[in-house]
Protein chains: 2
Amino acid sequence: MGAMRRPTMTDVAREVGVTAKTVSRVLNDGPVAVETRERVLAAVRKLGYQPNLMARNMRVGARDAAIGLVIPEMGNPFFGTVAGGVESAVRARGLTLIVGSSDEAAGLEQSLIATFLARRVSALMVVPAASSDHRHLRSERVAGLPIVFLDRPSAGLRADCVVSANREGSRTGVAHLIVHGHRRIGFVGDVPASLYTRRERLQGYRDALDGAGLPYDRALVETGHDVEAAARATMRLLSLADPPTALFAGNNLASMGAVVALSRAGRKDVAVVGFDDLPLAEALDPPLTVVAQDPAAVGAAAAEMVLRRLDGDRSRARRTTVPTRLIARGSGELPPR
Amino acid sequence: MGAMRRPTMTDVAREVGVTAKTVSRVLNDGPVAVETRERVLAAVRKLGYQPNLMARNMRVGARDAAIGLVIPEMGNPFFGTVAGGVESAVRARGLTLIVGSSDEAAGLEQSLIATFLARRVSALMVVPAASSDHRHLRSERVAGLPIVFLDRPSAGLRADCVVSANREGSRTGVAHLIVHGHRRIGFVGDVPASLYTRRERLQGYRDALDGAGLPYDRALVETGHDVEAAARATMRLLSLADPPTALFAGNNLASMGAVVALSRAGRKDVAVVGFDDLPLAEALDPPLTVVAQDPAAVGAAAAEMVLRRLDGDRSRARRTTVPTRLIARGSGELPPR
DNA sequence: TTGTAGGCGTTATCAT
DNA sequence: ATGATAACGCCTACAA
């Protein structure tokens, strides 16, 4: 008898002596006689019938009851938390989440998007890779597919997006250092320099300097794409002839790099403010002052935007900014040496 | 003119003057005349045709070219990295990844699994929630659906699983503390106590004590389900009449809790070894000694197991153990006070 | 090399 | 309240 076929709606119908459509009606709360409904449900249980969502989604012109999400990296808790925020919001609507990670590579991102489109997902959510371009999505937008960008805006496409208050948050964090007396403040930022979040946060850094009448010194701006690189960048800053007395780290990896470098160098006299909170921030010595983002809120806001679009909201593309919050813990309040 | 319909294979065929089947052959590298192929491809480009994967997956008896993955929490970098390991391995085979998070709740896990089954995923990968039961998956296993459990084994179902060397790793970490002179070692573990990883790691702790002829003192075993709870658990241990001189933390959250508590209490004289590495471990004071897991390897190994099963491997269920590695950084080498 | 017929499992439409 | 028929977009099997 071999592997037996999984029961279909027709099998259930035959068991009861009705038509597939009647079974369908039972399962979709259509108009069915009470007695018929019960017999159908009994047969469903007896046969262990499970509706086939693939087939259901195949109905005339219908889309897959799934949302495609592209993030740069799943292991990064920032993006993981964003994805978690998306998933719970989306599941509440009976949609499932399909994810892929682009590894920050535009080509991979595009092929993931192509796969999702081929699956006819109901909506697309993308954290764009650094150098990606989204003009190829124009026809999809025109056709009405909801597309929302997270954390970073799209390139070459007018579409909804949800971002953190990068520039404002960064300005606040640097101003905090200035208030505590610092006049030479190093910036350890993302790579590449063209990355949206890096540009915005650097701009916030400059805003703060401008606001205090301090000069912008290019020598104080360094770059590192991972923890080790950020640590090296930090060491370069500290070994300048006229070194900074404080550091502003432009993301979570840069913060870790700065903290690691200072720890290795045994320096506890350099003030630090990091962009994005870290789980162990409080346990550091001194505890790390940060400009905290709210990744779950970014994910949730983006998901809500998608759901509104799915509900028919055709208003023009909107940018949502999720506020940041300065959390003073000690490292940002150190006075200049 | 309204939203125009997306072009189908038939539209392309009509454009060229052939049959849909011929277009299908072109797209699947079937036998087609060179000249016909070129005309078809031209029409594909012209119309912007994209194959419909939903329909393709609907073929007789076919399954969705997707893998369903259930993890307890997306924001936890451990599980995020596991998922990343799965995703890259799986994508290399043209499969996409569908994820859901169970929030460590058996009910939610089961409903996610039901959704994935309804979608007819090609395989199921599950990090089981603490109190879940998988007997309901027996029929799927019998029917040949590849099912692999990660990080924790299944309950009530004989199936493949990939776990870390919890007991052995834990034994090694505690033995390390003993070698450095400690005789009273506290254990800060997961909750609930029935959780597989917690049980295994506690057993490793006891193995190490036994191996050194040290007594097992229940008063030294505490529990915390998140960072704050673990911090409180740590404080309880430190305020015992005969307090431990060293702590073994049973997971990453417990490690953070222990570190946070010691930092708040200003205690730098308590030795600590944590299970699972932390990004900032090196920047702590003292730097944190850990038993590192390899979450990406866990994910990759599980994915490879799934792929073998998809390739027809029908051998009996196998358990794969991914080794851990002790990384001595300082906190685990402190002598007893 | 290319075409025809049929079906996957479901739901919409129109009858009865 | 229920049934018959067709259709969604693709692929397999067989035929020409």
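The figures here come from the full heavy-atom set of this structure, side chains too, leaving out hydrogens, waters and symmetry mates. Chain identifiers are assigned alphabetically (A, B, ...) following the order of the sequence lines, protein sequences preceding nucleic acid strands; residue numbering begins at 1 within each chain.
The CE-P distance, from M9(A) to dA12(C), rounds to 11 Å in whole Å. Between E35(B) atom CD and dT1(C) atom C1' there is a gap of 12 Å when expressed in whole angstrom units. Between R56(B) atom CZ and dG7(C) atom C1' the separation is 18 Å, expressed in whole Å. Residue D11(A) contributes atom CG, which lies 13 Å from atom C1' of dC8(C) at whole-angstrom precision. Between D64(B) atom CG and dC10(D) atom P the separation is 16 Å, expressed in whole Å. If you take CG of L27(B) and P of dT12(D), they are 13 Å apart, rounded to a whole angstrom. If you take CG of L53(B) and P of dG9(D), they are 14 Å apart, rounded to a whole angstrom. Atom-to-atom, CZ of R63(A) to C1' of dC8(D) comes out at 14 Å; the value is rounded to the nearest Å.
Side-chain N/O atoms of S24(B) include one lying less than 4.0 angstrom from OP1 or OP2 on dC11(D). In this model, the phosphate group of dA1(D) is not approached by any side-chain N or O of T36(A) to a distance below 4.0 Å at OP1 or OP2. The side chain of R59(A) contributes no N or O atom lying less than 4.0 Å from OP1 or OP2 of dT10(C). Here T8(A) does not reach the OP1 or OP2 of dG9(C): none of its side-chain N or O atoms lies under 4.0 Å away. Contact check, T10(A) against dT10(C): no side-chain N or O comes under 4.0 Å of OP1 or OP2.
Under 4.0 Å is where a charged nitrogen must lie from a carboxylate oxygen, and between E35(B) and R39(B) at least one such pair does.
At distances below 3.5 Å, at least one donor-acceptor pair connects side-chain atoms of R141(A) with backbone N or O atoms of R158(A). Put simply, the side chain of R152(A) never gets that close to the backbone of V162(A): no donor and acceptor are under 3.5 Å apart.
Backbone-only contact: N28(B) has heavy atoms under 4.0 Å from sugar-phosphate atoms and none from a base. Within 4.0 Å of M58(A), counting heavy atoms only, lies at least one base atom of the nucleic acid.
Here the side chains of D294(A) and T81(A) are not in contact, with every heavy-atom distance at 4.5 Å or above. In this structure the side chain of L124(A) reaches within 4.5 angstrom of the side chain of I113(A), judged on heavy atoms.
Side-chain atoms of H134(A) and E109(A) include a donor-acceptor pair closer than 3.5 Å.
No hydrogens or angles were tested; on distance alone, nothing pairs the side chain of R6(B) with the base of dG9(D) as donor and acceptor under 3.5 Å. Judged by distance alone, with hydrogens and angles left aside, R25(A) brings a side-chain donor or acceptor within reach of the base of dG3(D), the pair sitting under 3.5 Å.
The nucleotide whose nearest atom lies closest to any side-chain atom of V18(B) is, among dT2(D), dG3(C), dC11(D), dG3(C). Taking only side-chain atoms of N52(A), from C-beta outward, the nucleotide of dG9(C), dT1(C), dT11(C) with the closest atom is dG9(C). Of the listed nucleotides (dC10(D), dT12(D), dT11(C)), dT12(D) has the atom at the smallest distance from the side chain of K21(B). Side chain of T19(B), nearest nucleotide from dG3(D), dC10(D), dT4(C): dT4(C). Each of dC11(D), dA1(D), dT1(C) was ranked by its minimum atom distance to the side chain of A33(B); first place goes to dT1(C).
Mapping V34(B) and A20(A) onto DNA chain C by nearest heavy atom places V34(B) at the nucleotide closer to the 5' end.
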